[in-house]
Amino acid sequence: MRIATWNVNSITARLPRLLAWLESSGTDVLCVQETKCTAEQFPAAELRELGYESAVHADGRWNGVALISRVGLDAVVKGLPGGPEYDGVQEPRAVSALCGPVRLWSVYVPNGREVGHPHYAYKLQWLDALRTAVAEDAAGSLPFAVLGDYNIAPADDDVWDRAVFEGSTHVTEPERAALAGLRETGLVDVVPRPLKYDHPYTYWDYRQLAFPKNRGMRIDLVYGNQPFAAAVKDGYVDREERKGKGASDHAPVVVDLEV
DNA sequence: ATGACATTCCAGGAATGA
């Protein structure tokens, strides 16, 4: 069973690439972030033609998450239970479902903008709510994983130049402590292998030739519980999908399971 | 360097991203 997570940066803009990639990669379940569409605009019909069902949690131009599966999509949960509000609304940043033998979450963790910004406090609150929401399944005996754009580089080695990120979000101690808190529930960081160079970066800025210079970050993560991690046979970052015109600024992270 | 680049909504420019 092949599962993957990919921040597509607009599923509408990425649709031709998404459909082609689903077929060429043979992905069974894809966790999507930043759909940037309403639920009505989501391309469920095009995906159904390829044999995939969709669970969508989206409300407009920002955020939006989905699960796309051809191996079942049951017991769908939309939204983060107990999640905080930003500017009075619960943004669509989490969706969960049972996909065949494994329960998966697709999450889009708030960016945080700047250290000290209200969005940064919101990011930490959101991660705390995520920990509470997944704790029971994380400690359970069924395979379970939380995949998505965490907007945090777990270690200094996960950014191309630590000095460049000094004092900015994505690398601060409180953000990394929130990730450690998630791991304390029983989740482990399933680190993919890079297909080129020596760091499994998953994001490269569109500007200043960041991708060809491999100035990237590893911020798209697969956090699985012990039964999930034990079933992992392989994992890699599909950097080929970051190439060329019309690419997202994130590459898919692919994980193969033997379940 | 109030940037770069891409996307959305909406009609030139703001908002967001990391």
Side-chain angles (χ1 to χ4, degrees), chain A residues 5-18 21 32-43 56-66 84-94 106-124 126-127 147-176 178-179 199-221 237 239 241-253:
Chain A
T5 180
W6 188 13
N7 178 324
V8 293
N9 186 18
S10 170
I11 200 164
T12 309
R14 218 63 59 213
L15 188 58
R17 272 184 176 257
L18 171 67
W21 185 81
V32 179
Q33 302 86 37
E34 281 208 85
T35 58
K36 290 187 169 177
C37 65
T38 63
E40 293 73 28
Q41 291 165 333
F42 189 89
V56 183
H57 188 40
D59 68 2
R61 68 190 297 196
W62 307 122
N63 315 308
V65 288
E85 295 184 345
Y86 189 75
D87 274 350
V89 290
Q90 281 215 9
E91 298 169 325
R93 295 180 175 275
S106 174
V107 300
Y108 178 45
V109 177
N111 170 291
R113 300 191 187 158
E114 291 170 24
V115 177
H117 191 283
H119 209 261
Y120 179 78
Y122 167 61
K123 180 179 195 173
L124 296 176
W126 200 93
L127 287 161
L147 303 89
D149 179 355
Y150 281 73
N151 272 317
I152 301 170
D156 287 351
D157 220 29
D158 294 313
V159 296
W160 65 276
D161 184 349
R162 181 62 181 82
V164 167
F165 295 93
E166 192 66 48
S168 63
T169 61
H170 295 62
V171 299
T172 67
E173 191 280 329
E175 290 167 285
R176 288 176 172 170
L179 278 186
H199 292 92
Y201 299 143
T202 65
Y203 162 87
W204 299 260
D205 198 292
Y206 282 123
R207 296 166 286 189
Q208 293 191 301
L209 302 174
F211 180 64
K213 292 177 178 173
N214 199 32
R215 295 179 171 179
M217 308 171 76
R218 185 172 79 93
I219 54 175
D220 299 272
L221 309 176
V237 181
R239 73 186 301 281
E241 188 50 46
R242 180 60 180 80
K243 294 181 177 179
K245 195 170 172 62
S248 170
D249 43 1
H250 296 250
V253 177

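Proteins get letters first, then strands, A, B, ... in listed order; numbering begins at 1 in each.
- Atom C1' of nucleotide B/dA4 and atom CG of A/Asp249 are separated by 14 Å, given to the nearest angstrom.
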Which pairs, protein N/O on one side and nucleotides 7-11 of chain B N/O on the other, fall under 3.5 Å?
unit_1	atom_1	unit_2	atom_2	d
B/dT7	OP1	A/Arg14	NH1	3.1
B/dT7	OP1	A/Arg14	NH2	3.2
B/dT7	O3'	A/Ser10	OG	3.4
B/dT8	OP1	A/Ser10	OG	2.8
B/dT8	O2	A/Arg61	NH2	2.1

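- One can place CD1 of A/Ile219 at 12 Å from P of B/dG17, the figure rounded to the nearest angstrom.
- In terms of modelled atom types and a separation under 3.5 Å, the side chain of A/Thr202 and the main chain of A/Ile219 share a donor-acceptor contact.
- One can place CG of A/Asn111 at 16 Å from P of B/dA15, the figure rounded to the nearest angstrom.
- Contact annotation: A/Arg113 side-chain N/O to B/dT16 OP1/OP2 distance is under 4.0 Å.
- In this structure, A/Arg207 atom CZ and B/dG3 atom P are separated by 9 Å, rounded to whole Å.
- For the residue pair A/Asn151 / A/His170, a side-chain donor-acceptor distance below 3.5 Å is found, with atom types taken as modelled.
- In terms of modelled atom types and a separation under 3.5 Å, the side chain of A/Ser106 and the main chain of A/Val32 share a donor-acceptor contact.
- Atom CZ in A/Arg162 sits roughly 14 Å away from atom C1' in B/dA18 (whole-Å rounding).
- In this structure, A/Glu114 atom CD and B/dA15 atom P are separated by 14 Å, rounded to whole Å.
- With hydrogens and angles ignored, the 3.5 Å screen pairs a side-chain donor or acceptor of A/Arg176 with a backbone N or O of A/Ala153.
- The backbone N or O of A/His119 lies less than 3.5 Å from a partner atom in the side chain of A/His117, making a donor-acceptor pair.
- Between A/His250 and B/dA18 there is a side-chain polar atom (N or O) within less than 4.0 angstrom of OP1 or OP2.
- For the pair A/Phe211 CZ and B/dA4 C1', the computed distance is 18 Å after rounding to whole Å.
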N/O donor to acceptor pairs below 3.5 angstrom from side-chain atoms of residues 107-115 of chain A, sequence neighbours left out:
unit_1	atom_1	unit_2	atom_2	d
A/Tyr108	OH	A/Glu34	OE2	3.3
A/Asn111	OD1	A/Arg113	N	2.5

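- A close approach under 4.0 Å does not occur between any side-chain nitrogen or oxygen of A/Tyr203 and OP1 or OP2 of B/dA6.
- Contacts of A/Asp149 with the nucleic acid, taken as non-hydrogen atoms under 4.0 Å apart, involve only primed sugar atoms and P, OP1 or OP2.
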